[in-house]
Number of protein chains: 2
Amino acid sequence: MKKIIAKYRKRDFKLTPQRLAILKYLDGNTSHPTADDIFTNIKKAYPTVSFATVYNTLQALKEKGEILEVTIDYEKRHYDPNIAPHHHIICTECNKISDVFKDYSDSLMLPNEILKEFKTIRNHIDFYGICKECQKERGD
Amino acid sequence: MKKIIAKYRKRDFKLTPQRLAILKYLDGNTSHPTADDIFTNIKKAYPTVSFATVYNTLQALKEKGEILEVTIDYEKRHYDPNIAPHHHIICTECNKISDVFKDYSDSLMLPNEILKEFKTIRNHIDFYGICKECQKERGD
DNA sequence: ATCTAATTTAGAATTATTCTTATTTGATAA
DNA sequence: TTATCAAATAAGAATAATTCTAAATTAGAT
Ligand SMILES: [Mn+2]
Ligand SMILES: [Mn+2]
Ligand SMILES: [Zn+2]
Ligand SMILES: [Zn+2]
């Protein structure tokens, strides 16, 4: 908490109670929440908080490079406070998104026709699978 | 064209002129168009076509497994008539999406903690880079 | 304590997608 | 060929996520 405050004080980022609640909720969060998830959570402590604040804050954090948008769900945007490069595995039954920490870059040589056309920057893998809970429910 | 008609006649898929226009537009299309792209295009030949028809047709084709949704752009959904497994590379400047035909599955061994939790089904890689045209524009 | 630019808020606006319903039509079979 | 009818179309309303607006509040600097 103190650490979070110190970190953002330096960075032209005014710390309001609402923002602190968002930062606290995101800190170490591996659930890949949506704006609505965040809104619902901080509403408990700040019942008058508005959606605009959540979106504004996410926007600001994104611009500062403190969070990333996860492009997996075309219904809602998900946010990831873990900005270290990593991949995801999504359960096709319950849509849970889990982190995959492994760098595959060395194995991902692109075909020549692509190398001719693109200067590559990075890669992100979406694995799809069925999580343990959903396997149980299906009786696999 | 004849091929398309024959293919869908068999499959409980009524062939209307609008649908044929959509199918024709999608056939072999590697541009990963949005519903709006498709709408704009077929409007030329069918000025009274409605958005609902485009969405209905895409929905039907998706359910038949004839097209895939590309989960890359969180503003609009993109559609891909190429249902063969393949990956994508996206230009971070102009957002062009190109196909990458190469199977990396053998290299993509998941970490053990994930293997314990998930039964894996498939993988999809999003590469990010800068396309030739955009490199030129930036003077790289 | 004062000041000010940044932030918050409520609600309106926007945009992609889905839904509704009356009308039309493709495909089948008489 | 024509009648039939389930399925498809079209226009526009509804929905839902996100963005915008503008007035009021406030964090942090002086
Ligand atoms: Mn993650
Ligand atoms: Mn493709
Ligand atoms: Zn699951
Ligand atoms: Zn480009």
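Residue numbers start from 1 in every chain, and the chains themselves are labelled A, B, ... in the order their sequence lines are given, proteins ahead of strands. Below, all heavy atoms of this structure are taken into account, side chains as well, without hydrogens, waters or symmetry copies.
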Please report the distance, rounded to the nearest Å, between [atom1] in [X] and [atom2] in [N].
X: B/Leu15; N: C/dT28; atom1: CG; atom2: C1'; answer: 15 Å
X: B/Tyr74; N: C/dT15; atom1: OH; atom2: P; answer: 18 Å
X: B/Glu75; N: C/dT14; atom1: CD; atom2: P; answer: 16 Å
X: B/Asp36; N: C/dT17; atom1: CG; atom2: P; answer: 9 Å
X: B/Phe51; N: D/dA13; atom1: CZ; atom2: P; answer: 16 Å
X: B/Arg11; N: D/dA8; atom1: CZ; atom2: P; answer: 14 Å
X: B/Lys76; N: C/dT18; atom1: NZ; atom2: C1'; answer: 17 Å
X: A/Ile42; N: C/dT8; atom1: CD1; atom2: P; answer: 9 Å

Q: Show your reasoning for whether salt bridge (Lys or Arg N to Asp or Glu O under 4.0 Å) applies to B/Arg77 and A/Glu75.
A: CA-CA 10 Å; B/Arg77 301 189 190 175; A/Glu75 314 234 292; 3.5 Å; yes
Looking for any heavy atom pair under 4.0 Å, which part of the strands does [X] touch: base, sugar-phosphate only, or nothing?
X: B/Thr48; answer: sugar-phosphate
X: B/Pro47; answer: nothing
X: A/Gln59; answer: nothing

Please tell me which of the listed nucleotides, [options], lies nearest to the side chain of [X]?
X: A/Thr16; options: D/dA8, C/dT8, C/dT18; value: C/dT8
X: A/Lys14; options: D/dT26, D/dA10, C/dT9; value: D/dT26
X: B/Asn56; options: D/dT9, C/dT9, C/dT18; value: D/dT9
X: B/Gln18; options: D/dA10, C/dA27, C/dT7; value: D/dA10

Q | Toward the 5' end of DNA chain D, by each residue's nearest nucleotide, B/Thr57 or A/Lys62 | A | B/Thr57
Does [X] put a side-chain nitrogen or oxygen below 4.0 Å from OP1 or OP2 of [N]?
X: A/Ser50; N: C/dA10; answer: no
X: A/Arg19; N: C/dT8; answer: yes
X: A/Arg77; N: D/dA17; answer: no
X: A/Tyr55; N: D/dT18; answer: yes

Q | Comparing B/Pro17 and B/His78 on DNA chain C - which has the more 5′ nearest nucleotide | A | B/His78
Q.
Check whether A/Tyr104 reaches the backbone of B/Met109 with its side chain - one donor and one acceptor, N or O, closer than 3.5 Å.
A. yes
Can you say whether the rings of [X] and [Y] are parallel (under 30°), tilted (30 to 60°) or perpendicular (over 60°)?
X: A/His32; Y: A/His88; answer: perpendicular
X: A/Phe101; Y: A/His86; answer: tilted
X: A/Phe127; Y: A/His87; answer: perpendicular

Q. A/Leu108 and A/Tyr128: same hydrophobic cluster, using ILVMFWY side-chain contacts below 4.5 Å?
A. no
